[in-house]
Protein chains: 2
Amino acid sequence: MTEPQTPDTAPSTGSVKKHGRDGKSNATIYDIAKLAGVNASTVSRALSKPGRVSSKTQKLIEDAAAQLNYQVNPFARALPTGKTNTFGLIVADITNPTFFDIIRGAETTATSRDYTLVLAESAESPATELTAARRLMATVDGLILASPRMDDDNIRALAQDKPVVVINREVEGVPCVVPDVNKGISEAIRSMAANGHQRIAFVAGPPQSWMSERRWEGVQAACEWSRLEAVRLESSKPTVDGGRQTARDVRASGATAVMTYNDLLAIGLMQELQAAGMVVPDDISIIGFDDIFGADFTTPPLTTVRSPLGECGEAAATRLLDFLHGSGEQAGTLSVETELVLRGSSGRILPAK
Amino acid sequence: MTEPQTPDTAPSTGSVKKHGRDGKSNATIYDIAKLAGVNASTVSRALSKPGRVSSKTQKLIEDAAAQLNYQVNPFARALPTGKTNTFGLIVADITNPTFFDIIRGAETTATSRDYTLVLAESAESPATELTAARRLMATVDGLILASPRMDDDNIRALAQDKPVVVINREVEGVPCVVPDVNKGISEAIRSMAANGHQRIAFVAGPPQSWMSERRWEGVQAACEWSRLEAVRLESSKPTVDGGRQTARDVRASGATAVMTYNDLLAIGLMQELQAAGMVVPDDISIIGFDDIFGADFTTPPLTTVRSPLGECGEAAATRLLDFLHGSGEQAGTLSVETELVLRGSSGRILPAK
DNA sequence: CAATTCATGGCAACCGGTTGACAAAACGAG
DNA sequence: CTCGTTTTGTCAACCGGTTGCCATGAATTG
C-alpha cells in the first residue's frame with residue numbers, strides 16, 4: 001500500500017463540524033456520492049456534463065440528489081471554473097426612470113437564462129462608475145453599462161477583461177446597443193414643420209452624455225432638411241428641476257417648439273411654462289425623449305420620441321449571454337428603432353389672439 | 001529536514017497555466033507571499049485580521065499587494081467562510097415605481113457598507129418569488145423581501161436559513177420595516193371631513209397584499225372616528241389600467257372622495273373620470289398612496305399619503321447589515337411614519353351648480 | 001478468438017483563500 | 001541566565017466543486 005503521501009479521508013477529523021449549518025440546508029456532492037455509492041467526481045459529471053455517465057448511474061445520482069435536496073454551491077463551482085452565472089448592470093442613476101425599463105429588460109432576460117443580475121449605480125459620476133465596475137468585475141461573468149459616464153478608454157479596458165455591452169452609447173470595439181435617434185427625430189421635426197413651427201430649441205443634457213450629442217446632431221440635421229432653424233440651450237441637470245430652470249432660456253430663445261434631451265426636462269419645462277401662464281401646445285410645443293414612465297400623466301400628455309428602453313436592456317443582456325456562450329462574437333453596434341409618440345403637448349401654434 | 005510529506009511548491013507544475021488569464025488581472029496571495037518573502041497564510045492574516053501580524057510584515061505585505069494590484073477573489077473567500085458580502089432584494093414588480101425608491105435606498109446602503117446588491121423580481125407571483133428567493137439564498141448573506149407575496153410560513157422558513165428583512169408587511173418573528181399608515185390616513189380622512197365629504201370609497205389592491213388590508217382597516221377606523229361612511233371597492237390589478245377600470249364602480253358608489261390602494265390606481269382612476277367629463281377635485285376628490293415618482297406630474301397633482309419608500313429600503317438594508325455584523329438582534333417591526341401630501345386632487349366639493 | 005476501441009467511473013490535483021494548531025522567536029520577570 | 005509568556009509566522013487541512021489522466025471492462029472488429 002502506498003501510505004506515505006496519502007492523508008486522504010482517513011483522519012476524517014472527528015472534530016466539530018465547524019460550520020454547524022442549520023441542519024438540512026447543504027448537501028454536497030460527497031453526500032450524494034456516498035448515498036449513491038459512486039465517486040464524487042462521477043456525481044459532478046452527472047450533474048454538469050450531460051451524457052458523460054451512463055443513464056443508470058445518472059438516474060441513481062439524480063435520485064440521491066433529489067432526496068438530499070441538493071443544490072450546487074455556486075462559489076465552489078465558481079472557484080475552479082471562473083464562471084459565476086452572474087452579470088452586472090451599472091446605471092447612471094437608479095432614480096431616473098429611464099433606467100427602470102432597462103433594468104427590467106436585463107433582469108428578465110437574465111432570470112430566463114438562469115443568470116443573476118447584480119445592480120450598481122454610478123450616481124452620474126465617472127469615478128464612482130469606474131469603481132463600481134471594477135468591483136463588479138471580480139464577481140460577474142460580464143457587464144452591461146447603461147449610459148456610461150466614463151471614458152471610452154476605460155470602457156475598452158474593462159472590455160478586455162470580461163465581456164462588456166454598452167447601452168445608449170457607441171464605443172469603438174465594444175458591442176453596443178443604441179437607439180437610432182434619427183427616425184424618431186425626423187418624425188418629430190417633420191411634425192413640427194407641418195404644424196408651422198420655424199424655430200426649434202433643443203435643451204441639451206449632461207456634457208458627458210454621448211446620447212445628448214447624438215440627439216442634438218439629429219435635431220440639427222432634421223431641421224436643416226426641413227429648413228427650420230435649430231437653437232441649442234443647455235441644462236444644469238437632466239431632471240425635472242433642471243427642466244424648470246431652463247424655462248427662462250426657452251422663452252428668451254424665441255422658439256415656438258422645444259425638444260429636450262429627455263422627458264424629465266420636458267416635464268419640468270412644461271410645468272414651469274404653464275405656471276407662468278403659457279398654454280401647451282397653443283403657445284409652445286414640447287417634445288421629450290424616451291417615453292418614460294409617467295410621460296403620459298401630464299396634462300397635456302407629453303409628446304416624446306420613444307426609445308425602446310426595455311428592448312435595449314433585453315438586447316444587451318442577450319448579446320452578453322450569447323457572447324458568454326460562444327455564439328455571437330461580433331462587436332458592432334446594434335441599433336434599435338425610435339419613434340415619435342404623438343400626444344397632446346405638441347401641435348399647431350395658435351396665433352396670438 | 002522533514003521531507004516526507006511536503007510536496008509543497010517544488011513540483012510547481014511547469015504545465016500550462018490553464019486559465020491563461022489576460023495577463024495582469026489576477027494576483028493571488030501566493031504571489032504576494034513570494035514577493036514579500038512570507039507564507040501565504042501570513043498574507044491572508046495581514047489582509048483580513050488587523051493586528052494579527054507585526055506592523056513591519058504588514059507593511060511589507062501591503063506594499064507587495066499594491067505592487068501586484070491584488071484583489072481578493074470573492075469566491076475563494078466565500079468558500080471557506082460562507083460570507084459573500086452580498087445581499088438580495090426581491091421586489092414584486094420592477095416596473096412598479098413604488099419599488100424604485102426602495103431599490104435605490106437598499107442599493108445606496110449596500111454600496112456604502114461595501115456590500116453588493118443582487119436584484120430579483122417575482123412578477124407578483126408567490127411561486128416565482130419563492131423560487132427566486134431560494135435561488136438567491138445560496139449566494140447571499142441575507143435577503144430583503146419588499147412587499148412579498150408568499151406565505152408567512154415560507155418567509156419564516158427562509159428566515160431560518162439566513163437573515164431576512166421584510167418591507168411593507170408584518171411577519172411574526174421576522175424583522176420588518178413597515179410604514180405606519182395610521183398617521184397619514186387619519187390626516188387624509190380628517191382633511192376629507194373638513195372639506196365636507198361624507199362618503200369615502202377605498203379602492204383595494206391585490207388580495208395577497210398585506211398592506212392593502214392595513215390601509216383599508218386604517219381607512220375604516222379613521223372614517224369611524226370622523227363619522228364618515230367608508231365603502232370598499234375592488235380593483236383587478238394595482239396599475240394605471242386597473243385604476244381606469246374602477247372608475248365605473250367609483251361613480252356607482254356615490255362617494256365624493258376616493259382613496260386608492262396606491263398612486264397608480266389613483267392616476268388611472270383620475271384619468272378615466274376626467275375623460276368622462278368629471279372635474280377633480282370639484283366633482284370628486286382623489287387621494288393616492290405612496291407618493292411615487294410622477295404623482296405630481298398629473299393635473300391636478302395627486303394628493304397622496306406618502307410612504308417613505310427610500311427610507312424603508314435604507315432601513316431594511318441597515319437592519320440586515322447590522323444583523324450580519326452582530327449588532328441589532330431584535331426581530332421586531334420598525335415603523336416609519338407616513339404623512340399626507342396635500343396637492344390639487346383633493347379638496348372641497350363644489351355644489352352642483 | 002485475439003486485438004482494438006470505446007464508454008464509464010475513480011483518483012487526485014487544483015481553484016484561492018481561511019484557520020486551528022503549533023513551533024520559533026522575542027520578551028519579561030525573577 | 002533561565003524559565004514562562006506572549007507575539008509572530010508556518011504548516012497543512014479544509015471549503016465544495018471541476019477536470020485531466022488512467023484503469024477497467026464491455027463492445028466492436030478483423
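Quick note on labels: first sequence line is chain A, next is B, and so on, each numbered from 1.
Salt bridge B/R149/B/D93: absent, no basic N to carboxylate O contact under 4.0 Å. Salt bridge absent: B/R156 and B/D151 never bring a charged side-chain N and a carboxylate O closer than 4.0 Å.
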Derivation of the side chain to side chain contact (heavy atoms under 4.5 Å, CB included) call for B/I144 and B/L320: CA-CA 8 Å; B/I144 297 180; B/L320 190 59; 3.8 Å; yes
Might you work through the side chain to side chain donor-acceptor pair (under 3.5 Å) test for B/T109 and B/E314, ending with a clear yes or no? CA-CA 6 Å; B/T109 306; B/E314 271 176 49; 4.9 Å; no
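The two residues B/F75 and B/N73 come nearest to each other via the heavy atoms N-OD1, 2.8 Å.
Under the rule for a side chain to side chain donor-acceptor pair (under 3.5 Å), A/D101 has no partner lying at least two apart in sequence or in another chain.
Rounded to an integer number of Å, the gap from CG of B/D31 to C1' of C/dG17 is 13 Å. With rounding to whole Å, A/K83 atom NZ is found 14 Å from C/dC15 atom C1'. Taking atom CD1 of residue B/I32 and atom P of nucleotide C/dT18, one finds them 11 Å apart after rounding to whole Å. With rounding to whole Å, A/Y70 atom OH is found 10 Å from D/dG16 atom P. A straight line from CG of B/L47 to P of D/dT8 spans 17 Å, rounded to a whole angstrom. The distance from atom CD of A/Q58 to atom C1' of C/dA7 is 14 Å, rounded to the nearest whole Å. Between A/I61 atom CD1 and C/dG10 atom P the separation is 8 Å, expressed in whole Å. Between the CG atom of A/L79 and the P atom of D/dC15 there is a distance of 14 Å, rounded to whole Å.
Using a 4.0 Å heavy-atom distance criterion, B/S41 is classed as a base contact. Residue A/T28 is classed as a sugar-phosphate contact, given heavy-atom separations below 4.0 Å to backbone atoms only. Within 4.0 Å of A/S44, counting heavy atoms only, lies at least one base atom of the nucleic acid.
For C/dT19, one of the phosphate oxygens OP1 or OP2 lies less than 4.0 angstrom from a side-chain nitrogen or oxygen of B/K49. For B/R77 and C/dG16, the shortest distance from a side-chain N or O to OP1 or OP2 is not below 4.0 Å. At the phosphate of D/dC11, OP1 or OP2 sits under 4.0 Å from a side-chain N or O atom of B/N39.
On a pure distance criterion of 3.5 Å, a polar donor-acceptor pair joins the side chain of A/R52 and the base of C/dG9. With hydrogens and angles left out, the side chain of A/Y30 and the base of D/dG17 share a donor-acceptor pair within 3.5 Å. Contact of B/R45 with D/dT10 (side chain to base): a donor-acceptor pair of N or O atoms is detected under 3.5 Å.
In this structure, the side chain of A/D31 engages the main chain of A/T28 through a donor-acceptor pair within 3.5 Å.
Minimum atom distance to the side chain of B/N73 is reached by C/dG17, of the listed D/dG17, C/dG17, C/dG9.
Across its full length, the helix from C/dC1-D/dG30 to C/dG30-D/dC1 shows an angle of 40° between the axes of its 5 terminal pairs at either end, rounded to 10 degrees.
A heavy-atom distance below 4.5 Å is found between the side chains of B/K59 and B/D63.
Comparing B/S54 and B/A76 by the nucleotide of DNA chain D whose heavy atom lies nearest to each, the residue mapping closer to the 5' end is B/S54. Between A/I29 and B/G51, the residue anchored closer to the 5' end of DNA chain D is B/G51, taking for each the nucleotide with the nearest heavy atom.
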